[in-house]
Amino acid sequence: MFFTDQAKAMSRYFALVDCNNFYASCERVFNPKLEKKPVVVLSNNDGCVIARSNEAKAIGIPMGEPLFKVKALIRSKDVKVFSANFTLYGDMSRRVMEVLADHCADLEVYSIDEAFMELRFYHQSANSLVAWAEKLRATVYQWTGIPVSVGIGATKTLAKLANHVAKKRTRTGVYAIRTDDPLLHEITIGEVWGIGRRYEARLRQVGVNTVRELQCIEEGWMRQEFGVVGLRLLKEIKGEVCLLLEDPVTARKHTMVSRSFADDLYELAEIQRRLALYATRLGEKLRHYRQAAGVLTIYLWVNKHRNRRRDGRTCFARSVNLPIATNNTNHLISWSAVVAKALFEAGTNYKKAGIMASELVPENLSQGNLFQDHRAHERDNRVMKLVDELNQKMGQSTVYFAACGERPSIPLRQDYKSVNFTTNWQELLEIWG
DNA sequence: TCTGGGGTCCTAGGACCC
DNA sequence: TCTGGGGTCCTAGGACCC
């Protein structure tokens with residue numbers, strides 16, 4: 001290879017592949033009757049709308065809206081409603097990401113429905129890039145049934161913006177954006193990745209409305225107003241690479257499991273039981289990523305819509321430094337019970353609890369201490385491995401700790417759930433010929 | 001009646017230490 | 001009445017993202 005450094009820099013692009021209306025699309029793959037129909041997917045406990053098909057967007061169902069506020073609309077327009085089926089979505093996501101990984105080695109799975117790619121030396125012109133992306137898009141659709149959009153740009157932020165354009169303004173679902181693209185005069189700042197409601201309001205105050213105007217802002221002002229985050233955003237939108245691909249496994253600093261309760265809870269013992277279950281999931285996650293937690297934090301949230309506390313506080317948290325970094329479910333459960341007891345106040349209506357692992361270290365580097373019984377440690381690890389294997393093969397919570405209570409599963413309201421077409425032999429899609 | 005569950009990064013204030 | 005300065009750690013909260 002005889003590329004100069006400059007030539008290398010010039011031929012580097014980022015692409016963002018984003019699944020269209022991902023959860024709604026997953027439901028559609030296994031239920032063709034949903035084609036052309038408005039479809040929405042609900043959060044845990046059937047609380048809010050978290051995904052909408054284009055048809056559902058068109059009839060005015062907002063993102064994040066509580067279900068009870070759109071019930072009338074749902075009835076009158078015959079909207080198809082689904083409880084979140086994260087097992088299905090997770091499996092479909094894995095399939096999509098596998099196809100992407102086949103096409104590009106430099107891949108960062110950014111979220112369940114999005115991935116960044118770094119494209120180097122692959123293509124010379126924007127035209128050939130677009131052709132490549134269109135082919136990729138067709139392949140993903142053919143192999144998984146999921147429609148995706150592809151945005152291409154000089155930085156991750158521009159790729160993200162290009163993806164937005166691809167979704168809103170193209171028929172092909174692919175767009176490559178340039179830093180001097182005429183469209184930047186039309187695109188408003190609120191559409192930029194990293195500009196939320198507050199930032200948008202402040203920028204509009206000083207007369208900045210379009211991306212083109214944003215590009216002309218002085219870097220010093222941006223730094224002063226929005227800190228290092230804002231400065232980075234500005235540089236990225238001007239085409240200067242600040243954000244690189246990340247490895248989500250090593251880059252992750254916390255891992256958390258939290259859930260709202262279907263009803264408010266008042267009893268410490270019941271909260272400890274729920275936390276034992278969350279700790280079980282947390283342990284599974286940590287072991288999956290081969291990490292161990294150095295610090296454990298327990299969160300308790302008070303129902304903010306019906307807060308009975310005089311001081312109005314809604315969030316309580318307490319951390320504990322673990323004597324030895326661990327991913328052993330047994331240890332996580334014991335500590336969660338201890339910390340929860342310290343946090344708990346009688347007479348408070350708790351709506352949600354969570355457990356977070358931080359100070360994560362690779363599990364084989366976990367620092368033992370002098371008093372640790374190594375044989376017991378080894379034995380515990382073998383037990384956890386066995387438990388994971390059994391639960392993977394036989395289904396979640398086949399084997400569990402007694403602290404979770406009898407027949408444990410996180411109790412959720414799920415009135416509209418589809419089945420696990422791809423991950424459960426009992427729930428395979430049946431086709432009648 | 002009914003309002004998700006993950007993450008990241010940054011900042012501010014209090015406790016505590018030297 | 002007057003009442004250091006600097007550092008770290010912890011907790012809380014706010015901004016953003018999906």
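Letters go in sequence order (proteins before strands), and every chain restarts at 1. Remember, predicted model here, so these are calculated numbers, not experimental data.
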| field | Salt bridge Glu267(A)-Arg274(A), side-chain N to carboxylate O under 4.0 Å | value | no

| Has the side chain of Arg137(A) got a donor or acceptor atom that lies under 3.5 Å from a matching backbone atom of Val148(A)? | yes

| said: Within the 4.0 Å limit for protein heavy atoms, which parts of nucleotides 7-16 of chain B are touched? Write it as a string from 5' to 3', B for base, S for sugar-phosphate only, - for none. | reply: SSSS------

| query | Over how many whole Å does the gap from Asn45(A) atom CG to dG6(B) atom C1' extend? | reply | 15 Å

| task | With sequence neighbours excluded, tell me which residues meet ring-ring contact (aromatic ring centres under 6.0 Å, His included) with Phe421(A). | result | Phe30(A)

| task | Rounded off to whole Å, could you give me the CZ-to-C1' distance for the Phe22(A) and dC18(C) pair? | result | 12 Å

| query | Only one of Glu114(A), Glu236(A), Glu191(A) clears salt bridge (Lys or Arg N to Asp or Glu O under 4.0 Å) with Lys160(A); which? | reply | Glu114(A)

| field | P atoms of dG4(C) and dA15(B), separation to the nearest Å | value | 16 Å

| message | Rounded to whole Å, how long is the line connecting atom CG of Leu286(A) with atom P of dG6(B)? | response | 13 Å

| request: Identify all stems in which DNA chain B takes part, counting only runs of at least 3 consecutive pairs (Watson-Crick or G-U wobble, each distance under 3.5 Å), and give each as one range with another, ordered by first number. | output: B:5-18 with C:5-18

| said: From CG of Asp264(A) over to C1' of dT1(B), roughly how many Å is that when rounded to an integer? | reply: 12 Å

| message | Can you measure Lys160(A) atom NZ to dC17(C) atom P for me and round it to whole angstrom units? | response | 9 Å

| With a 4.0 Å cut-off on heavy atoms, is Ile195(A) in touch with a base, just the backbone sugar-phosphate, or nothing at all? | sugar-phosphate

| Which is true for Asp46(A) with a 4.0 Å heavy-atom rule: it touches a base, it touches only sugar-phosphate, or it touches nothing? | nothing

| task | State whether Phe14(A) and Lys156(A) meet the cation-pi test: NZ (Lys) or CZ (Arg) under 6.0 Å from the six-membered ring centroid, and within 45° of the perpendicular axis. | result | no

| said: For the backbone of Asn20(A) and the side chain of Ser25(A), can you confirm whether one donor and one acceptor N or O come within less than 3.5 Å of each other? | reply: yes

| message | Regarding Glu65(A), tell me which of base, sugar-phosphate or nothing describes its non-hydrogen contacts under 4.0 Å with the strands shown. | response | nothing

| said: Which residues pass the ring-ring contact (aromatic ring centres under 6.0 Å, His included) test with Tyr278(A), not counting sequence neighbours? | reply: none

| field | Trp143(A): side chain to side chain contact (heavy atoms under 4.5 Å, CB included) partners, not counting sequence neighbours | value | Val99(A), Asp102(A), Thr139(A)

| request: Answer with yes or no whether the side chains of Arg287(A) and Thr329(A) bring together a donor and an acceptor at under 3.5 Å. | output: yes

| query | Taking NZ, NE, NH1 and NH2 as the nitrogens, is one of them in Glu270(A) or Arg273(A) under 4.0 Å from a carboxylate oxygen of the other? | reply | yes

| said: Please determine whether a side-chain nitrogen or oxygen atom of Lys351(A) lies at a distance below 4.0 Å from atom OP1 or OP2 of dG4(B). | reply: no

| message | Once you apply a heavy-atom cut-off of 4.0 Å, does Asp415(A) come out as touching a base, just sugar-phosphate, or nothing? | response | nothing

| Value in whole Å for how far the C1' atom of dC17(C) lies from NE2 of His164(A) | 15 Å

| task | Can you tell me the distance, in whole Å, between the OH atom of Tyr110(A) and the P atom of dC17(C)? | result | 9 Å

| task | Measure the distance from CZ on Phe261(A) to P on dT3(B) and round it to the nearest whole Å. | result | 13 Å

| Would you say dG5(B) has OP1 or OP2 under 4.0 Å from some side-chain N or O of Ser260(A)? | yes

| query | Heavy atoms, side chains only, cut-off 4.5 Å: are Ile298(A) and Met356(A) in contact? | reply | no

| message | Under 4.0 Å between a side-chain nitrogen and a carboxylate oxygen: does that hold for Lys80(A) and Glu27(A)? | response | no

| request: Enumerate the residues from residues 67-100 of chain A whose closest heavy atom to DNA chain B is under 4.0 Å, giving them by residue number; use none for an empty result. | output: Phe68(A)

| task | Establish, with yes or no, whether the OP1 or OP2 oxygen of dT3(B) is under 4.0 angstrom from a side-chain nitrogen or oxygen of Lys352(A). | result | no

